[in-house]
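Remarks on the structure that follows.
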Amino acid sequence: EGKENSSEKHSISRDDIVVGRILGEGFFGEVHDGVYKSPSGERIHVAVKTCKECSAEVKEKFLSEADLMKNLDHPHIVSLIGVIEVDPVWIVMELLEHGELGSYLVEEQYTLATATLTLYCLQICKALAYLEGLNMVHRDIAVRNVLVASPDCVKLGDFGLSRYVDEQEYYKASVSRLPIKWMAPESINFRRFTTASDVWMFGVCVWEMFSLAQQPFFWLENGQVINQLELGFRLPKPQQCPPHIYSLLSRCWSYEPNNRPTFSQLVCLLNDFHRMELEQ
Ligand code: ADP
């Protein structure tokens with residue numbers, strides 16, 4: 001009693017969930033909203049991820065994301081509420097009422113202050129500094145994987161490609177569906193993914209935020225990107241991006257991974273920038 005291991009903590013009963021409308025289509029199946037009645041009687045709004053063609057193999061992949069999330073606990077990472085492992089398999093997460101950041105940025109484009117965008121960058125950076133401390137590489141940092149809890153709180157929400165890596169080691173990806181336009185040169189060339197390549201991707205994600213969800217390198221084909229990067233070209237400064245933040249992005253996009261800042265350094269800098277924005 002009192003001692004919970006993570007599998008007990010996350011085992012919940014289907015009877016305690018009322019499933020509602022469809023929120024969106026995920027890679028494995030529909031995502032619904034719902035209400036979960038917790039053991040203490042509290043009603044919690046949740047997102048229920050379902051798995052459509054759930055063969056044993058697919059099910060393992062589907063549940064691997066939830067397995068990773070069981071060990072994470074951070075105010076800017078979507079929290080896992082539980083998993084129902086008997087068919088039909090469900091992953092139950094906290095609901096982020098305002099949905100995907102990409103659409104939110106478009107809807108709210110005329111009201112979003114630079115200070116607010118800087119706050120979102122800071123919050124995602126804090127989540128990534130937390131992962132950096134756990135030696136976890138995310139590999140898919142992009143606005144499409146950030147969800148909006150409230151107008152002043154965003155969370156990192158998708159761990160489909162995340163992996164633990166040993167220090168100094170890296171994850172060698174085999175997947176072919178990779179987000180080329182977000183990727184560091186060494187990830188494109190050698191499928192090499194490290195915390196330093198996550199820093200590059202974070203830079204692209206910040207670029208997306210300040211350009212209000214434009215696609216990075218929309219003017220290029222995937223196949224042209226690596227050439228441009230090797231010639232030294234980088235994404236241009238979005239109009240709404242303050243010059244001091246753009247110069248940080250340029251450092252995140254150093255060709256040499258060791259020359260990029262770490263997430264903990266970025267948290268300090270973004271924290272100062274956010275404070276400066278508030279004082280203006
Ligand atoms: P997958 O990673 O499996 O492709 P997503 O996590 O992208 O699935 O989920 C699909 C859609 O469901 C998202 O685009 C988003 O609109 C919605 N969604 C997913 N998780 C949540 C959540 N926790 N709160 C609110 N909406 C969510």
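Counting starts at 1 for both ligands and their atoms, in listed order. This one's a predicted model, so the numbers in the text were calculated from it and none came from an experiment.
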> Got Leu131 and Leu72 here, is their nearest side-chain heavy-atom distance under 4.5 Å?
Replying inline: yes
> Atoms of ligand 1 less than 4.0 Å from Val31 heavy atoms?
Replying inline: 9 (O), 10 (C), 12 (O), 18 (N), 19 (C)
> How many angstroms lie between atom CG of Leu270 and atom CE of Met276, to the nearest 0.5 angstrom?
Replying inline: 11.0 Å
> Considering the options Gln123, His74, Glu94, His76, which one meets the side-chain hydrogen bond (donor to acceptor under 3.5 Å, both in side chains) requirement together with Lys155?
Replying inline: Glu94
> Can you list the atoms of ligand 1 that are under 4.0 Å from a heavy atom of Leu95?
Replying inline: 24 (N), 25 (C)
> Is the closest basic N to carboxylate O distance between Glu132 and Arg260 below 4.0 Å?
Replying inline: no
> Which of the atoms in ligand 1, numbered in the order shown and given with their element, are less than 4.0 Å from a heavy-atom of Gly26?
Replying inline: 1 (P), 3 (O), 4 (O), 8 (O), 10 (C)
> So, does Arg14 use its side chain to make a donor-acceptor pair with the main chain of Pro88 at under 3.5 Å?
Replying inline: yes
> Salt-bridged, Lys37 to Asp16, with N to O below 4.0 Å?
Replying inline: no
> Are any of the N or O atoms of Glu65 closer than 3.5 Å to those of ligand 1?
Replying inline: no
>> Suppose I only count heavy atoms of Met93 and a 4.0 Å limit; which atoms of ligand 1 are within that range?
In response: 20 (N), 23 (N)
> Can you check whether Leu96 has an N/O within less than 3.5 Å of an N/O in ligand 1?
Replying inline: yes
> Is any NZ, NE, NH1 or NH2 atom of the basic residue among Lys52 and Glu25 found under 4.0 Å from an Asp or Glu carboxylate oxygen of the other?
Replying inline: yes
>> List ligand 1 atoms under 4.0 Å from Glu94, heavy atoms only on the residue side.
In response: 22 (C), 23 (N)
> With a cut-off of 4.0 Å, which atoms of ligand 1 are near a heavy atom of Ala47?
Replying inline: 21 (C), 22 (C), 23 (N), 24 (N)
>> Which residues end up grouped with Leu231 if you chain together Ile, Leu, Val, Met, Phe, Trp and Tyr wherever their side-chain heavy atoms are less than 4.5 Å apart?
In response: Phe233
> Glu25 to ligand 1: N or O pair under 3.5 Å?
Replying inline: no
> Just distances here: any N/O of Phe27 and N/O of ligand 1 closer than 3.5 Å?
Replying inline: yes
>> As a check for students: among Lys49, His98, Glu30, identify the option with a heavy atom nearest to atom 6 (O) of ligand 1.
In response: Lys49
>> Clusters formed by hydrophobic residues whose side-chain heavy atoms approach within less than 4.5 Å: which one holds Val18, and what are its other members?
In response: none
> Heavy atoms only: which of His32, Glu97, Glu100 is nearest to atom 16 (O) of ligand 1?
Replying inline: Glu100
> Considering only heavy atoms, does Leu147 approach ligand 1 within less than 4.0 Å through its side chain, its backbone, both, or neither?
Replying inline: side chain
